[in-house]
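Throughout, protein chains are lettered first and strands after them, A, B, ... in sequence-line order, and every chain is numbered starting at 1. These figures come from a predicted structure and were not determined experimentally.
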Number of protein chains: 2
Amino acid sequence: MTKQRKVILEELHKVTSHPTADMVYEMVRKRLPHISLGTVYRNLEDLADQGEIRKLSIDGTRMRFDGNPEEHTHIRCIVCGRVDDIHFAPTVSMQDSISDNGYKILGHKLEFYGKCSECRKKDEIMKAKEKKRKSKD
Amino acid sequence: MTKQRKVILEELHKVTSHPTADMVYEMVRKRLPHISLGTVYRNLEDLADQGEIRKLSIDGTRMRFDGNPEEHTHIRCIVCGRVDDIHFAPTVSMQDSISDNGYKILGHKLEFYGKCSECRKKDEIMKAKEKKRKSKD
DNA sequence: GTAATTGCAAAAATTTTGCCTCATA
DNA sequence: TATGAGGCAAAATTTTTGCAATTAC
């Protein structure tokens, strides 16, 4: 456990925002200005392998990282892309069987998507403006 | 609807293997040898926007594409990475409400993971070899 | 004929890797 | 001191984009 790895893990525990590797790099750089991006990638990979953190493939083309390694459910905003944890836990059954595809099922990932409160607010502001504009015509 | 887009869609309908953009490119190239990768990317993007296909962020760092736009559940092999459709349908409720995070929920993605039959077979072969090796000691 | 789309190539974005140096146990 | 990890930079991988030429309607 090097200084670098310790700080990466600490910073990841501070947030619930599921940052990308680059975001983690920026967070960590405030405390360790000489750390390199390669080190961040290597440690995130190692930490995920050891089950200390989780790698999330939910945001298009880049990985996000979650300081909470326990199984939990996410919710992603389809407008701005932010990913939050969800605090009610819908249960999904049928996990410890072998499926019709011949798979031995080991677990599942559940992700909801929708619009976050900020993006919904923006929508309403847009709608209000639209209405105003129309009433002027 | 250009020839290129038509062929891309057709090829995607032929398979259930959830190919990457590059795989789609290779599939399409057999029929349209001069198509460019950029065109494949642009069309996959457009088709997904129109709801004709689905973009899947389940395989690490690159997108996969699904010719079946309907909501359905996937299963991914943690060993070889292949992604199949799942034919039993676990239901997940609580979609048309607003969650504790202030999100307006619009839908969900459910993905199981486990070991595919091929990788389980390989495991067993490995185990058998291991046993044989030990008995020799 | 006009607007949209393609092919090509360059650029951008993200992740991985090699290699030498430095830190840790 | 030896082993493993870090820093840096180059390379690899994946995706996006600009632009001239072509195609679809």
Side-chain angles (χ1 to χ4, degrees), chain A residues 1-12 15 17-67 76 78 80-83, chain B residues 1-12 15 17-67 76 78 80-83:
Chain A
M1 175 65 66
T2 62
K3 203 185 335 170
Q4 286 85 344
R5 173 168 308 190
K6 191 162 158 288
V7 173
I8 288 169
L9 193 51
E10 283 172 6
E11 290 300 313
L12 215 39
V15 296
S17 56
H18 312 83
T20 62
D22 196 65
M23 290 166 180
V24 174
Y25 175 56
E26 291 303 331
M27 286 152 63
V28 170
R29 214 139 69 111
K30 289 183 183 136
R31 293 172 57 189
L32 302 173
H34 296 293
I35 197 170
S36 77
L37 185 56
T39 298
V40 172
Y41 270 104
R42 270 187 286 239
N43 276 299
L44 289 171
E45 191 65 34
D46 291 350
L47 288 166
D49 283 349
Q50 297 162 218
E52 300 261 357
I53 65 173
R54 278 194 166 222
K55 282 173 83 171
L56 311 178
S57 304
I58 52 184
D59 169 38
T61 216
R62 53 202 210 162
M63 281 292 182
R64 284 173 171 271
F65 296 88
D66 189 336
R76 172 178 51 86
I78 57 171
C80 66
R82 61 180 284 171
V83 177
Chain B
M1 174 66 66
T2 62
K3 201 185 341 171
Q4 286 86 345
R5 174 168 308 188
K6 190 162 160 288
V7 172
I8 289 169
L9 192 52
E10 282 172 6
E11 290 301 314
L12 215 40
V15 298
S17 57
H18 312 85
T20 62
D22 196 64
M23 291 166 180
V24 174
Y25 175 56
E26 291 304 332
M27 287 152 62
V28 170
R29 213 138 71 110
K30 288 182 185 138
R31 292 172 57 189
L32 301 173
H34 295 294
I35 197 171
S36 78
L37 185 55
T39 298
V40 171
Y41 270 103
R42 271 187 287 236
N43 276 299
L44 288 171
E45 190 66 34
D46 291 349
L47 288 166
D49 283 348
Q50 298 162 218
E52 301 261 356
I53 65 173
R54 277 194 167 221
K55 282 173 82 172
L56 310 178
S57 303
I58 52 185
D59 168 39
T61 215
R62 57 203 205 157
M63 280 292 182
R64 284 173 172 271
F65 297 88
D66 190 338
R76 174 177 49 88
I78 57 172
C80 66
R82 63 179 283 171
V83 177

Quiz prompt | Members of residues 22-44 of chain A that approach DNA chain D, where some heavy atom sits under 4.0 Å away | solution = A/His34, A/Ile35, A/Ser36, A/Thr39, A/Arg42, A/Asn43
Quiz item: Hey, does the side chain of A/Arg5 reach the backbone of A/Asn43 with a donor-acceptor pair shorter than 3.5 angstrom?
Solution: no
Self-check item: From CZ (B/Arg62) to OG1 (A/Thr61), nearest 0.5 Å
Solution: 10.0 Å
Quiz prompt | Between P of C/dA23 and NZ of A/Lys3, the distance in whole Å | solution = 8 Å
Quiz prompt | B/Arg29/B/Glu26 salt bridge by N-O under 4.0 Å criterion | solution = yes
Self-check item: Closest-nucleotide 5' rank along DNA chain C - winner of A/Thr2 and A/Thr20
Solution: A/Thr20
Self-check item: Option from B/Ile8, B/Asp22, B/Leu32 for which side-chain contact (heavy atoms from CB on, under 4.5 Å) with B/Val40 holds
Solution: B/Ile8
Practice problem: Please figure out whether A/Arg5 or B/Gln4 has its closest DNA chain D nucleotide nearer the 5' end. | Solution: A/Arg5
Self-check item: Distance in Å, B/Leu44 CG paired with B/Asp49 CG, rounded so as to fall on 0.5 Å steps
Solution: 11.0 Å
Quiz item: Less than 4.5 Å apart, any side-chain heavy atom of A/Phe65 and any of A/Lys55?
Solution: yes
Quiz item: Out of curiosity, A/Asp46 CG to A/Ile53 CD1, how far, rounded to the nearest 0.5 Å?
Solution: 9.5 Å
Quiz prompt | Nucleotide range of DNA chain D lying under 4.0 Å from chain A heavy atoms | solution = D/dA5 to D/dT15
Quiz item: OP1 or OP2 of C/dT15 less than 4.0 angstrom from a side-chain nitrogen or oxygen of B/Thr61, does that happen here?
Solution: yes
Practice problem: Quick one: pull up CD1 in A/Ile58 and CG in B/Leu56 and give me the separation to the nearest 0.5 Å. | Solution: 14.0 Å
